[in-house]
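Here the structure comes first, spelled out in C-alpha cells, and everything after it is commentary.
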Amino acid sequence: MALSTKYDPRAVEDKWYRTWMDKGFFHSEPNPDKEAYTIVIPPPNVTGVLHMGHMLNNTIQDVLIRKARMEGKEACWVPGTDHASIATEAKVVKMLREKGIQKGSLSRDEFLKHAWEWKEKYGGIILEQLKKLGASCDWDRTAFTMDDNYYEAVIKVFVDLYKKGYIYRGLRMVNWDVEAQTTISNEEVIYKEGGEMSKMYSVKYQIKDSDEYVVIATQRPETIMGDTAIAVNPKDDRHKHLIGKKALVPFINREIPIIGDDYVELDFGTGCLKVTPAHDPNDYEIGQRHNLEIIDTIDFDGTLNEKCEIPHYVGEDRFVVRKRIVKDLKEAELLVEEKDFNTRIGRSERTNSVVEPKLSLQWFINMKEISRKAHSAVMEDEVVLHPAKFKNTYNHWMENVRDWCISRQLWWGQRIPAYYFGEGEDDYVVANSTEEALASAKEKSGNQSLTIDDLKQDEDVLDTWASSWLFPLAVFNGFDKDSFDEETGKIIEGANKELDYYYPTATLVTAPEILFFWVARMIIAGYEYTGKKPFKDVYLTGIVRDKQRRKMSKSLGNSPDPLDLIEQYGADGVRTGMLFSSPAGNDLLFDEKLCEQGRNFSNKIWNAFRLVQGWDVDENLDGAANQVAIDWFKARYNQTLLEVEAHFEKFRISDALMSVYKLIWDDFCSWYLEMVKPNYGEPIDPHSLEATINFFEDILKILHPFMPFISEELYQELRKRDEKDYLIVAEWPTANHPHEEIVDRAKIAFDIISNVRNIRSSKQISPKDKLELKIKGDDFTKFKLFGFMITKLANLESIEPTEEKIEASANFVIEGDEFFVPLAGSIDTEQEIEDIKKELEYTKGFLKAVDKKLSNERFVNNAPDKVVEMEKKKRQDAEAKIKILEESLAAMQ
RNA sequence: GGGCGCUUAGCUCAGUUGGUUCAGAGCACCUCGUUUACACCGAGGGGGUCGGGAGUUCGAAUCUCUCAGCGCCCA
C-alpha cells in the first residue's frame, strides 16, 4: 500500500477518540488494587467557548492523566463546568434584551428558567470542544456547580460556616448602578481606555476659629456634604501643622477633623484630600483607620437626600447638584480653581451610567482562623506549588488575608439561605430549608405565630467561588447526607467510597491569576471539611499571549480559533505547539509557527513509519552489523527516559516533550534509522526489523501523552493487535541503567561522520562520491565498533590506519587522533595553511589560559580535585593538538 | 503606596549546591542539496563582553550591593 508522504490527522483523530470512549478507557472506578491518580478540571464557565488558555491548561492535564494511566494508576480526570454567576447572568440578560425582554419585568423564577435554558443550550460547548483536543476525561462524571446535589452542598456549607461563626454580615462598598438599580461586580464596571475628561475643583474650607483656609482638590464637589475629615500626608511640610485642627464644611459648617494619613499623595491635587467615607472606596478605608463618621448623602436613585442638609439640593440628581454647587461655591468665593482633568471613570457595562460607590450590607466569611491550616500546608510543602516562586505570593496573601465578601446581587447562583422575619438588622435566621428557617425564626423571635409567608429569603446569591471552592469534594458527593455530618461540620471518613478513594487528588493544573480566588480557597475548604489537602501538587500555567505580549481576548480579537487550529495542524500538532513553549508559570507567547512545528513533527514520525513499514525482510540475512546501532539506541532511549522522568518529577512538561522530540527526530530518525536502513530496494534482516519495530513501539509509548492520536494510530499499524491492546493503556516503560560507554563511543563516531560531511560540503564533493579515511593514532582498534556505520553514513570506500601524515588530504583532529581524507589534486594548500595557522593560534591562546589557571597555587589548593584534573586533561589535549598542528604546518611549508 | 518577580543568541526560554559537558536548546536566519521515508526534508554554518556598574571569591550568568528598564498582584 502506498502511503501519502503527508500525515493526515483528520483521518485518524475522530476514529481513535471514539474507540477510546467506546472501550471505556476514560472511565474510572475505585480500584483498591491500584493507586488512584485524580485530577479535577478547573471547570470552565458555561458562558465560554474554548480559548487558547483552555487548550494549554487541558493539554497539560491530559498529558499528566495519560501518563498516569499508562503507569498503571487508576487515572480519573473529572470534567465539569462552572455556573459563573456574573458572566452567565450578564449573557442571559443581554440575550433577553435582544428579544425585547427586560430582566426587571421578570420574576426570579421566570428569569432562572431562561437562564437554565441558556445553560442547557450553550453550557456544554467547551466540553465538546475539549474532546477534539483529545482530553481523556471521565465524561460519566461530568459535574456542574449548580447540579442539585452540588447546590445543596453549597447551601449546607453556608449554614455550617454560619453555625461555626465564620459567616457574618457587614458593610461593604459596592458598585451601584443607579439606572439598573442594582449592584454590579467589579468585572461589570468598564473604564474607557485613555480615561475620560472631567474637572478638578479646588475648594477652600475654613479652619475653625481662624481666618485660615485649607484648599482641597476634588472631582466630586457634590459629595462635599458627606465629608467627615480632611486628610494630609504627615510628611507634608506644607500642611502637617494643620493635623489635629478642625475645618468647616462649606455651607453647612460641619466641624471635621484634619487628620494625617499616608494615603494622601504629596504631589497630587493640593496635597489635601477631603474624606467622604460613604462615597469613595479609598475614603472608606481612611474612615475605617480613623474611626470617622459615615454620612450617606446619595440615595439609590442617584439623587441627594436630606442628610446633605441643604434643602434645595435634596431630591436632585448627583450631576445636577455638581453643577449647582460649583456655581454656589463660585458665588461664595470658595472655588479657587477649576481645571480640566483626565481621569478613570467607571461606567456600568449594562447601562453606561457612572457607577456610584455605595455602602451596603453584605455577607462575609471571616478568613483569619479558617485559613490557618491552608496557609501552613503550602509553606511546609504539604501542598506543593509549581513553580515554587508562587509560594511567596501565596504567603503574602495569606498573611494579609481579608474577609471574603460572598454575596452577589444577582439571581443566577446559589441563593443565600438567610431568611428575614422582621425589619431589624438582626431579624434573620440561616437554614437549609424554609421549614427549618421557620422553626428557627419562631425560636429567635419568640413569635410562635410566624408563618412561611412572613419569611423573606435573601435576594442575593453566593459568589461563584463560594461554590467552586468545594469542587474537589463536591464532585465526589462529599456533602451528601451519608457523607457529611451536620453536627460536627465534617465529612465522615470511611462513609463515601469514592471520596475516600479519589481524594486527595493528585495534581491541580490552573492559571496563577486564580491562585487566591480558587486554589487557596479549595485548600481552605479541603482542610476545613476533611482535615486533608485537596491536592498534592499545583501546577500553575502561564497566560497565553499573542506575539505582542497582549493577553489573548475576545474583545481584542487576537486569539485564533482553537478548532481552526486543530483542523489545520491536527490536535497532536496543536498540543505539542502549545507545550513547546510553556515552561511552568511563564506566559506563553503563542505563535502559530509552534503548531506548524508540531505538525512537522507529526509528519516526521509518519515518514519514519512509512520507511519502516516499507521494508521487505530477507530471512537469510543476519544483520550482525546493525547490532551496534541497536545497542546504541537502546542506551539513548534509556538515557532519555531518565531525563523525561526527571522533568515530569519537576513538572517541566515542556522539557519532557523536548527530550522526546529530540530522541525521535535526532537519535531515532537522523542516526538510528540511517544506520540500519538497507540500501535502496534491498531487504532488511529479521533481527534488525524486529528491533526497529520494538523501538518504534517504545518511542510511541513515551510520545503518547503528548501526541495521543498519531501514536495510537501508528501503534496499531505497526503490528496486529489483539482486542485489548491499545497504546492508551499500554504499559509505560521503565528505565534501565543506560550503557553510557557506547553512547560516548558513538559521539566520537558521529563527530567523525560530521567532519567528513563537512569536508564534502566545503570541497563541493557530491555525497555520492566515495571517499577514503586514514587514521593516525595510538589505537586503531577503538574505531572498529562503529567502523561499519562510519563507512556507511560518511559514504566511505574504506577506513584504514596510517603511520604517516597523508599529503594532499583534508584532515581533522579528534581527541589527539589525526584523520585524513585524501583528496588528490583538489587541495588549496595556501588555504589549508591559513586554516591551520588560525587554529594553532586559537589553541595556543586556550593553552595559555589553562596554564595560568594551573599555575595559580590558590586554584590548585582550593578547587576540588575533579576540577583540577579536568584542567590538566585540557592542557594535555591542547598540547597534543598543538604538536600535531605544528607538524602539519611544517610538512606543508 | 505595599508586595512579588523578570532582564542570557533575531525570538521564546533552560541554566539545580558558584567549578567537567558553562555560555546552551528550540525556532528563525544564511549556504549547499530535489539522494533512494520525509522540502512539513537533509547536510553544514553564523550569531550572545549573560541589562549597566561595583563588591565577595583562586573562580560569578549563578552570591551581595547599586543603577536602569519591564511585568504581575494587592490597594
Side-chain angles (χ1 to χ4, degrees), chain A residues 3-7 233 261-266 268 281-282 285 387 389-397 399-400 402 512-513 515-516 542-543 545 547 549 551 569-570 573 577 580-583 585-591 593-615 646-647 650 652 654-655 657-659 661-662 665 669-670 673-674 677-682 744 747 753-762 764 766-768 793-795 852-871 873-874:
Chain A
L3 296 168
S4 160
T5 59
K6 303 273 189 288
Y7 169 66
N233 193 307
D261 196 290
D262 290 337
Y263 171 76
V264 184
E265 283 179 45
L266 294 169
F268 185 83
N282 293 314
E285 297 274 320
K389 66 177 178 187
F390 286 107
K391 233 169 120 172
N392 277 334
T393 323
Y394 185 91
N395 185 42
H396 186 250
W397 189 78
E399 274 179 351
N400 302 288
R402 299 172 144 242
E513 34 189 11
L515 182 58
F516 310 122
I543 296 164
R545 298 176 181 278
K547 276 189 275 184
R549 285 201 177 269
K551 199 168 162 177
Y569 301 106
F580 272 135
S581 167
S582 58
N586 275 334
D587 287 358
L588 181 155
L589 271 66
F590 183 77
D591 187 337
K593 282 202 174 124
L594 292 169
C595 293
E596 205 178 300
Q597 195 185 343
R599 179 204 58 189
N600 294 352
F601 186 37
S602 297
N603 208 52
K604 185 72 187 176
I605 301 163
W606 171 251
N607 276 292
F609 167 72
R610 281 180 62 225
L611 174 69
V612 174
Q613 180 261 357
W615 283 337
H647 287 316
K650 292 178 191 158
R652 307 177 74 136
S654 183
D655 292 340
L657 170 62
M658 192 45 74
S659 293
Y661 179 84
K662 285 199 269 195
W665 200 305
C669 294
S670 296
L673 288 178
E674 291 300 331
K677 180 164 93 175
N679 287 331
Y680 183 63
E682 288 175 20
D744 293 341
K747 224 177 255 167
I753 294 165
S754 289
N755 269 291
V756 175
R757 284 172 176 171
N758 242 330
I759 289 167
R760 277 184 198 280
S761 174
S762 64
Q764 312 273 317
S766 158
K768 289 175 192 163
L793 299 193
N795 194 22
K852 195 178 162 198
K853 226 183 225 184
L854 284 171
S855 59
N856 181 340
E857 232 173 87
R858 280 184 296 186
F859 170 75
V860 179
N861 292 338
N862 291 323
D865 291 345
K866 224 169 68 179
V867 176
V868 178
E869 277 312 307
M870 208 55 230
E871 291 301 318
K873 180 160 190 322
K874 274 192 205 165

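Keep in mind it's a predicted model, so treat the numbers as computed, not measured. Every chain is numbered from 1 and lettered A, B, ... according to where its sequence line falls, protein lines coming before strand lines.
- Within 4.0 Å of A/K662, counting heavy atoms only, lie sugar-phosphate atoms of the nucleic acid but no base atom.
- Side-chain N/O atoms of A/R610 and base N/O atoms of B/C38 include no donor-acceptor pair closer than 3.5 Å.
- Under the 4.0 Å criterion applied to side-chain N and carboxylate O atoms, A/E596 and A/K593 are not assigned as salt-bridge partners.
- Rounded to whole Å, the distance from CG on A/N607 to P on B/U36 is 13 Å.
- A/S754 comes within contact range of the sugar-phosphate backbone alone, with a heavy-atom separation under 4.0 Å but no base atom that close.
- Atom CZ of A/F859 and atom P of B/G19 are 12 Å apart (whole Å).
- B/G51 and B/G5 have their C1' atoms separated by 16 Å, given to the nearest Å.
- Separation of the P atoms belonging to B/C38 and B/G24 is 34 Å when rounded to the nearest angstrom.
- Nucleotide B/C40 is matched to nothing when pairs are restricted to Watson-Crick or G-U wobble geometry with both distances under 3.5 angstrom.
- The residue A/R599 sits close to a base: some heavy atom pair falls under 4.0 Å.
- Taking the C1' atom of each, B/C4 and B/C40 are spaced 43 Å apart, rounded to whole Å.
- Base pairing of B/G71 is made with B/C4, judged by Watson-Crick or G-U wobble geometry with both donor-acceptor distances under 3.5 Å.
- Judged by Watson-Crick or G-U wobble contacts below 3.5 Å, the nucleotide B/C27 has B/G10 as its partner.
- The P atoms of B/A28 and B/U64 are separated by 38 Å, rounded to the nearest whole Å.
- Judged by atom type and distance alone, A/E674 reaches the base of B/A37 through a side-chain donor-acceptor pair under 3.5 Å.
- Residue-to-nucleotide contacts include no donor-acceptor pair under 3.5 Å from the side chain of A/K6 to the base of B/C40.
- B/C65 and B/G71 are spaced 23 Å apart, taking the C1' atom of each and rounding to whole Å.
- In this structure, A/R760 contributes its side chain and A/K768 its backbone to no donor-acceptor pair below 3.5 Å.
- Separating the CG atom of A/N862 from the P atom of B/G19 is a distance of 16 Å, rounded to the nearest angstrom.
- Across all strands shown, B/U35 remains unpaired; no Watson-Crick or G-U wobble contact has both distances below 3.5 Å.
- In this structure, A/Y661 reaches the sugar-phosphate backbone alone: every heavy-atom distance under 4.0 Å involves primed, P, OP1 or OP2 atoms, never a base.
- Only the C1' atoms considered, B/U21 is 24 Å distant from B/U12, to the nearest whole Å.
- A side-chain donor-acceptor contact under 3.5 Å links A/N400 to the backbone of A/H396.
- Checking the phosphate oxygens (OP1, OP2) of B/C4, no side-chain nitrogen or oxygen of A/K389 falls inside 4.0 Å.
- Note: CE (A/M658) to P (B/G26) measures 7 Å, nearest angstrom.
- The aromatic ring centres of A/F609 and A/Y7 sit 6.0 Å or more apart.
- Using P as the reference atom, B/U7 and B/C11 are 14 Å apart when rounded to the nearest Å.
- At the heavy-atom level, A/W665 lies under 4.0 Å from the strands shown only through sugar-phosphate atoms.
- A donor-acceptor pair is defined here as one N or O able to donate and one able to accept, closer than 3.5 Å; such a pair exists between the side chain of A/W606 and the backbone of A/S4.
- Counting to the nearest Å, the C1' atom of B/U35 and the CG atom of A/L611 are 14 Å from each other.
- Using a 3.5 Å distance cut-off with no hydrogens or angles, the side chains of A/R858 and A/N861 do not pair a donor with an acceptor.
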